[in-house]
Number of protein chains: 2
Amino acid sequence: MPDTAEIEPPTPLTGYEDRCLQTDEGRAIRDLMDRVGDKWSLLIISTLRAGTLRFSELQRHIPGVSQRMLTLTLKHLARDGLVSRTVHPEVPPRVEYSLTPTGRTLIDPAEALAAWAVAHLPAIKAARAEFDAAAG
Amino acid sequence: MPDTAEIEPPTPLTGYEDRCLQTDEGRAIRDLMDRVGDKWSLLIISTLRAGTLRFSELQRHIPGVSQRMLTLTLKHLARDGLVSRTVHPEVPPRVEYSLTPTGRTLIDPAEALAAWAVAHLPAIKAARAEFDAAAG
DNA sequence: CGGGATCCTACTCGATACTG
DNA sequence: CAGTATCGAGTAGGATCCCG
């Protein structure tokens, strides 16, 4: 590596940082949001973090989710290898869902995000209320 | 608090956990996704983590974002108190954006998520390819 | 019970053109 | 430069009905 490459530019944000987020984090964040950035994915993953649940149990634990969206989101998560789907051939049928090892690795960052939300959402709502009061 | 409340139920997931995610984390995750779960918010926040940027700089650093979406998302973030907007009364006008202290607290969990994405997206894409190959 | 199929609505987002 | 305004396509997501 030439020594010129080691010199840190004094201006931190003027012209060299076009690759700052785009190649690595930028694409990663976008891909991530494309997969678990929807309305129910993180909720399902968080709900499954304590163990296996069957379809109707999941639906009960996540109020407001429709059968359709639960089915769709679970299918996407299974397709991405984050959730495993096990069908027990019985009558009535029983289908159980649980996190895969890969899915389990998402728990920590997801809970970090949830913790942030719990801690800072009051401030956000206050800021929003103040903003709306000021702007009419 | 009565002593019966301290007894941990032995079955981890059968009947008592209706409040497991819904009251705290569940609502938090939903509110969070409502605010920064869109296409550009996390990208903007990550881009601003290194310092102040003006509108056109932000647009250059986030390829693919339209003027409209950049304006809209910045307005939402400003409304929520995550981003501050400073107008310098000059000609041509200069408007600078930076993270507020509250916004800065989001950097760590957001980067944790981005790091997860960088680490696990290849596995996800592989799982998806395998799933699609098996299912046609 | 665990979905699949269908219809329908609302909203997101992008493209384009215009403004101060 | 930093927006605003308007239009239109695409899609996420809810409601409903049906099936194995």
Side-chain angles (χ1 to χ4, degrees), chain A residues 13-15 26 29-44 47-48 52-80 83-98 131 135-136, chain B residues 13-15 26 29-44 47-48 52-80 83-98 131 135-136:
Chain A
L13 271 179
T14 357
I29 289 181
R30 287 220 232 180
D31 287 346
L32 180 72
M33 296 310 277
D34 281 349
R35 283 152 214 280
V36 297
D38 58 273
K39 197 171 179 180
W40 304 109
S41 288
L42 275 186
L43 236 38
I44 291 176
T47 305
L48 284 177
T52 299
L53 285 178
R54 52 194 296 183
F55 187 86
S56 52
E57 291 173 328
L58 266 173
Q59 191 168 13
R60 267 196 303 275
H61 286 49
I62 306 178
V65 70
S66 60
Q67 327 82 323
R68 174 185 141 86
M69 288 319 295
L70 187 54
T71 304
L72 268 179
T73 311
L74 282 170
K75 195 185 298 180
H76 290 151
L77 292 174
R79 186 161 108 118
D80 290 343
V83 158
S84 74
R85 179 179 185 272
T86 308
V87 184
H88 296 79
E90 312 168 355
V91 276
R94 188 171 91 242
V95 183
E96 294 186 323
Y97 294 91
S98 59
F131 190 97
Chain B
L13 269 180
T14 359
I29 289 182
R30 287 220 232 180
D31 287 347
L32 180 73
M33 296 310 277
D34 280 351
R35 283 151 215 281
V36 296
D38 59 273
K39 198 172 180 181
W40 303 109
S41 287
L42 275 186
L43 236 38
I44 290 176
T47 305
L48 284 177
T52 299
L53 286 176
R54 52 194 296 184
F55 187 86
S56 53
E57 291 172 329
L58 267 172
Q59 191 167 13
R60 268 197 303 275
H61 287 49
I62 306 178
V65 70
S66 60
Q67 325 83 325
R68 176 185 140 86
M69 287 320 296
L70 188 53
T71 303
L72 267 179
T73 311
L74 282 170
K75 196 184 298 182
H76 291 151
L77 292 174
R79 186 162 108 118
D80 289 343
V83 157
S84 72
R85 179 178 185 271
T86 309
V87 184
H88 296 79
E90 312 167 354
V91 275
R94 187 171 90 241
V95 181
E96 294 187 324
Y97 294 91
S98 60
F131 190 98

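If you're wondering where the values come from, they're calculated on a predicted model, not measured in any experiment. To find a chain, count down the sequence lines: A is the first, B the second, and so on, and within it residues start at 1.
Each of B:Ser56 and A:Val65 was matched to the nucleotide of DNA chain D holding its nearest heavy atom; the match closer to the 5' end belongs to B:Ser56. Projected onto DNA chain D by closest heavy-atom contact, A:Gln67 and A:Pro93 fall at different nucleotides, the more 5' of which corresponds to A:Gln67.
Between B:Leu43 and B:Thr47, the shortest heavy-atom distance links the atoms O-OG1, 2.6 Å. The shortest heavy-atom contact between A:Leu48 and A:Tyr97 is CD2-O, 3.4 Å. Between B:Ser98 and B:Thr52, the shortest heavy-atom contact is CB-OG1, 3.4 Å. Nearest heavy-atom pair across B:Met33 and A:Val36 is CE-O, 3.7 Å.
Between C:dG3 and A:Tyr97, a contact under 4.0 Å exists linking OP1 or OP2 to a side-chain N or O. Side-chain nitrogen and oxygen atoms of A:Lys75 include none within less than 4.0 Å of the OP1 or OP2 phosphate oxygen of C:dG3. Of the side-chain N and O atoms in B:Arg68, none sit less than 4.0 angstrom from OP1 or OP2 of D:dC7.
Atom CG in B:Asp38 sits about 22 Å away from atom P in D:dG10, given to the nearest Å. What separates CE of A:Met69 from P of C:dC7 is a distance of 19 Å, to the nearest Å. One atom, CD of A:Gln59, and another, P of D:dG14, lie 11 Å apart when rounded to the nearest Å. Counting to the nearest Å, the C1' atom of D:dA2 and the CD atom of B:Glu90 are 13 Å from each other. The nearest whole Å value for the distance from the NZ atom in B:Lys39 to the C1' atom in C:dT12 is 9 Å. Atom CZ in A:Arg30 sits about 13 Å away from atom C1' in C:dC13, given to the nearest Å. Straight-line distance from the CG atom of B:Leu72 to the P atom of D:dT6: 14 Å, rounded to whole Å. Spacing between atom CG of B:Asp34 and atom C1' of C:dC11 amounts to 13 Å, rounded to whole angstrom units.
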